[in-house]
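Predicted model only: the values in this text are computed from it and were never measured.
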Amino acid sequence: MTERYNAREAEPRWRDAWNKHDIFRTDNADPRPKYYVLEMFPYPSGRIHMGHVRNYAMGDVVARYKRAKGFNVLHPMGWDAFGLPAENAAMANKVHPKGWTYENIATMRGQLKSMGLSIDWSREIATCDPSYYRHQQKLFLDFLKAGLVYRKKSKVNWDPVDQTVLANEQVIDGRGWRSGAEVELRELTQWFFKITDFADELIDALDGLDRWPEKVRTMQRNWIGRSEGMLVRFALESKAAAPEFSEIEVYTTRPDTLFGASFIGIAPDHPLALEAARRDPALAAFAEECRKTGTSVAAIETAEKQGYDTGVTVRHPLDPSRTLPVYVANFILMDYGTGAIFGCPAHDQRDLDFARKYDLPVTPVVLPTGLDVATFVIGDTAYDGDGTLVHSDVLDGLAVPEAKEAVSGRLESQKLGDRPQGKRKVNVRLRDWGISRQRYWGCPIPIIHCASCGPVPVPDDQLPVQLPEDVTFDRPGNPLEHHPSWKNVACPSCGAPARRETDTMDTFVDSSWYFARFTAPDCAQPTDRSAVDSWLPVDQYIGGIEHAVLHLLYSRFFTRAMKATGHAGMSEPFAGLFTQGMVVHETYKTPDGQWISPAEIVVTENDGRRQAVHATSGEPIVIGSIEKMSKSKKNTVDPTDIIETYGADTARWFMLSDSPPERDVIWTEAGVEGAGRFAQRLWRLVAELAERLPESSAERPTSFSPAALDIRRASHRSLAAVGESIEGLRFNVAVARIYELVNAISSASAQVRWPEIAVSDPSSAWAFREALEILVRITAPMMPHLAEACWDKLGHSSLVAEAAWPQAEADLLVADTITLPVQVNGKKRDELIIAADADAATIEAAALGLEGVARSIEGKPVRKVIIVPQRIINVVV
RNA sequence: GCCCCCUUGGCGAAAUUGGUAUACGCACGGCACUUAAAAUGCCGGGCCGCAAGGCGUGCCGGUUCAAGUCCGGCAGGGGGCACCA
């Protein structure tokens, strides 16, 4: 009787064996082809959660598989260690952010190690370490030199809870991405990265990222928001209200509808509006009112279109006999286009709403195909579809694209003053990335502000600008502002007393290049060009979808900026991206509505009805919906508890089984237990057969018995299928194929008379051993510790983690006789067992001779027989 | 409002990309082993029907010798963007 596999005792031993031989250390000089697999590094919040287990289990399968396939694999780990939670902890618990962070790192590193990940820990980095962020400061300064960083005063998103500025990407539905607080607009001077310089490239290169999910590419495309249109200048006609202006420039994507224009709309902050407001107190009051309207979703949806007639009029560029009034309107954004539009009410809903309110003309100029000009009228809904131009002078009869072209051409050749009146222009929605954060626990921006020299870069030899450790968190705001001495320094340029920049960088900067730093983590420069150029792009990046337009867009920008400043040679950081699903769990509530943890309750099932009670008090518990694991809903399961109870392999196996990796996986007790049972079953199968099999020294037989061939076909098919599944990141399918192989070996073994088989059919014995070796080898990426124990049991003195992936033998992947389903008129009626290489005529004759086929043909003439080789036969009558 | 994705047994899902629908697992039922339990092993199962057979991948229609897979429409669920001119 084989003893149960004791994961708790065995797993640490195998990890020691890996460590002793240092087998996961990666050498940059290794000549084998490279493979860089990376999972998004964790924020050191305290303890790892199941989402981490899933993420890192997937990455580890790929890393171990690629290693077995002969690649030089880079699989590093680090810590996204700056950020607000450390400061919040400092305030709440009177600890220092640094101490808090490093303690968390120590805990989480231990937890990750207990998972048995094949990580090169010698490359570990923490972004809060000066040895990392000094290079980030260097990059910042090089970007500044290259014109990719600038400083400007602008309206920014202010998070009143976190007391800091947020980038546009970090505002979700008008609320801070972390705090959930409604964001306010404030005017501040901020540092910006010129991500818009790369807007075209960032959008165009998405087409080449064919190993990224289409969904993420679409999201980035929409976020960058490119639109092709034109700038059109309108000459002022009646300009008493704004005498300093002679024209207004608008942006439009519909130059074709220019004849339908009935007003000009400008933003309340448009220079012309500001000028007019100086002369008109009522307009000033109106503009002020517009600014007060919130930017939240609710505010925007309920806000009515409002305008104020400035009294200014402009001349229509294509019809000099017409003038248009200029309105200040609350729905025009100053920071998109030129902050001015021409309103064409018939073909834009917003303009229509506005025109109806202020009684402006509504002239349809695009007629939907099939309708009559005489009867086509616009009611409450603008028409924004295609059609034929009407009421448009020379454009009449043209289709929309032709009309666009005609107007563009004409306005480009028509002069207003000495310049063309119109200009084609591609606009993007993307804004530059504001990175200044008014927080302590982040990378200091290496700038010194001097009264006479302005902002001066910190000289290279003074880097890093280190965070002072003696800071206090007893009042709100940025501790760096309150520090008694840190910010007072001499100007590096003139030596006069000056002041350090006290803002720190957005923590998304830290994660925008860590993947490059991993390639040479000890380099004295930010990157080692030969290392970064040979390792990047990351071959397979794995992480959550929540970073689709945050981290993943910033990193694409950063890589380009690094290329522009000579720190890297490529544009794209991640060649392959995989976004995994979440780990979700049932929620539970006490009768008085309090969330309660699954650890505190017992769930029973009777006749399909599940009931929950409190584990100690026995009071009934309400079973709620299935939600993402979160502390607030208390539906978390601690990975360490699971690893201690079942072992890391079982936790990993369960995370990889059943659910496709891109979908959410439901964590259930029953599921883990099932995974644990499989681990025991695999161990038992290998251990028992290993004892029955003769010594492994036997030579490969020159011929195989039919029984041996059956076993070999099963194992080689599984070998091929598991390899393909892992390559396609279809871990659930790989798991299913392994189950099949275990089932096949078990049932084959049950039909064998042990130990006579070794003598009566040595080729079968050999095939059994081969099958076990394949089984253990293909299971090793998922359950690495157990696989080592099995490998050992099979008599190996080496580690399976270092064993090569076997090559599946092609002739074992095809059978010599096959079973073909035979359909009559598309319905399956019989099966034909026939030689795999039989020719079509033989197959047809044999199929028509089948009893089930003859019965359903009922003597009717056969019209056609379709034979799909190796697949199916369809008889048409 | 615009864009995208998903829908297959009691449940998680698979289906060589147009070729035997439901592999594999979970849960369930039966049996064996056991004093008993646990553990383990074996057997079972889409639905209707005694059977022959019929019907079955959210719903309606189409293309095809053949549709879970392709096309058109609809419903339900999820996600992204959103006063972006």
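Distance A:L231 CG to B:A85 P: 13 Å, rounded to the nearest Å. Atoms OH (A:Y739) and P (B:G25) sit 7 Å apart, rounded to a whole Å. Between the CZ atom of A:R863 and the C1' atom of B:A66 there is a distance of 14 Å, given to the nearest Å. Atom CD of A:E740 and atom P of B:A23 are 10 Å apart (whole Å). Between A:D256 atom CG and B:A85 atom P the separation is 14 Å, expressed in whole Å. In this structure, the CZ atom of A:F234 is 12 Å from the C1' atom of B:A85, given to the nearest Å. One atom, CG of A:D351, and another, P of B:G1, lie 19 Å apart when rounded to the nearest Å. Atom CE in A:M582 sits roughly 12 Å away from atom P in B:G78 (whole-Å rounding).
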>> Taking Watson-Crick (N1-N3 plus N6-O4 or O6-N4) and G-U wobble (N1-O2, O6-N3), each under 3.5 Å, can you produce the dot-bracket string of RNA chain B? Use [ ] for crossing pairs and | for inter-strand ones.
In response: (((((((..(((......[....))).(((((.......))))).(((....)))..(((((..]....))))))))))))....
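Atom name P, nucleotides B:C81 and B:C74: the rounded distance is 26 Å, in whole Å. A gap of 28 Å separates the C1' atoms of B:G62 and B:A14, to the nearest Å. When the C1' atom is compared between B:G1 and B:C11, the two are found 37 Å apart, to the nearest whole Å. Distance check on atom P: B:A23 versus B:G76 gives 32 Å, rounded to whole Å. Taking the C1' atoms as reference points, B:G73 lies 24 Å from B:A66, given to the whole Å. If you take atom P in B:C5 and the same atom in B:C55, they sit 33 Å apart, rounded to whole Å. Taking the C1' atom of each, B:U57 and B:A67 are spaced 11 Å apart, rounded to whole Å. Across the P atoms, B:G58 and B:U69 are found 8 Å apart, a figure rounded to whole Å.
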>> The test is side chain to side chain contact (heavy atoms under 4.5 Å, CB included); show your working for A:L430 and A:L553 and say whether it passes.
In response: CA-CA 11 Å; A:L430 183 70; A:L553 184 60; 4.1 Å; yes
>> For A:Q580 and A:M58: C-alpha separation, side-chain torsions, deciding distance, then whether side chain to side chain contact (heavy atoms under 4.5 Å, CB included) applies.
In response: CA-CA 9 Å; A:Q580 105 254 6; A:M58 289 179 193; 3.7 Å; yes
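Rounded to the nearest 0.5 Å, atoms CD (A:Q421) and CD (A:E247) are 8.5 Å apart.
When the side-chain nitrogen and oxygen atoms of A:Y251 are compared with OP1 and OP2 of B:A85, none of them lie within a distance under 4.0 Å. For A:N222, no side-chain nitrogen or oxygen approaches OP1 or OP2 of B:C2 to under 4.0 Å. Proximity of A:R350 to the phosphate of B:C84: a side-chain N or O atom is located under 4.0 Å from OP1 or OP2.
Residue pairs meeting the side-chain hydrogen bond (donor to acceptor under 3.5 Å, both in side chains) criterion with at least one member in residues 736-750 of chain A, sequence neighbours excluded, are A:W653-A:Y739, A:R681-A:N743, A:R737-A:E740. Sorted by first and then second residue, the pairs that involve residues 256-268 of chain A and meet side-chain hydrogen bond (donor to acceptor under 3.5 Å, both in side chains), not counting sequence neighbours, are A:R254-A:D256. Legend: salt bridge (charged side-chain N to carboxylate O under 4.0 Å, His left out) pairs involving residues 342-354 of chain A, not counting sequence neighbours, sorted by first then second residue: A:D348-A:R350.
Mapped onto RNA chain B by nearest heavy atom, A:V876 and A:T668 fall at different nucleotides, with A:T668 at the one closer to the 5' end. Mapped onto RNA chain B by nearest heavy atom, A:K215 and A:F342 fall at different nucleotides, with A:K215 at the one closer to the 5' end.
You'll find the side chain of A:L206 reaches within 4.5 Å of the side chain of A:R556, heavy atoms only. At a threshold of 4.5 Å between non-hydrogen side-chain atoms, the residues A:M655 and A:V583 count as touching.
A:F259 is linked by a ring-ring contact (aromatic ring centres under 6.0 Å, His included) to A:H316, counting only residues two or more places apart in sequence or in another chain. Considering only residues two or more places apart in sequence or on other chains, A:W683 meets the ring-ring contact (aromatic ring centres under 6.0 Å, His included) condition with A:Y5. In this structure A:F263 satisfies the ring-ring contact (aromatic ring centres under 6.0 Å, His included) test together with A:F354, sequence neighbours excluded. With sequence neighbours excluded, the residues that form a ring-ring contact (aromatic ring centres under 6.0 Å, His included) with A:H547 are A:H551. Residues satisfying the salt bridge (Lys or Arg N to Asp or Glu O under 4.0 Å) criterion with A:E662, sequence neighbours excluded, are absent altogether.
At least one donor-acceptor pair closer than 3.5 Å links the side chain of A:H347 to the backbone N or O of A:V366. With hydrogens and angles ignored, the 3.5 Å screen pairs a side-chain donor or acceptor of A:H716 with a backbone N or O of A:E809.
Checked by atom type, the side-chain pair A:T196/A:D432 shows a donor-acceptor distance below 3.5 Å.
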N/O-N/O pairs, protein side and nucleotides 51-55 of chain B side, under 3.5 Å:
from: B:G53; atom 1: OP1; to: A:R855; atom 2: NH1; distance (Å): 2.9
from: B:G54; atom 1: OP1; to: A:R829; atom 2: NH2; distance (Å): 3.3
from: B:G54; atom 1: OP2; to: A:R829; atom 2: NH1; distance (Å): 3.3

>> Base contacts versus sugar-phosphate-only contacts with protein, heavy atoms under 4.0 Å: please encode nucleotides 38-47 of chain B as B, S and - from 5' to 3'.
In response: --SS------
>> Output one letter per nucleotide in nucleotides 8-22 of chain B: B when a protein non-hydrogen atom lies under 4.0 Å from the base, S when only the sugar-phosphate is that close, - when neither is.
In response: ----BSSSB--BB--
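Looking at heavy-atom distances under 4.0 Å, A:I332 makes contact with a base. Among the atoms of the strands shown, only primed sugar atoms or phosphate atoms (P, OP1, OP2) are found under 4.0 Å from some heavy atom of A:N743.
In B:U17 the base sits syn relative to the sugar, since the glycosidic angle is no further than 90° from 0. Taking syn as a glycosidic angle within 90° of 0, B:G9 qualifies as syn.
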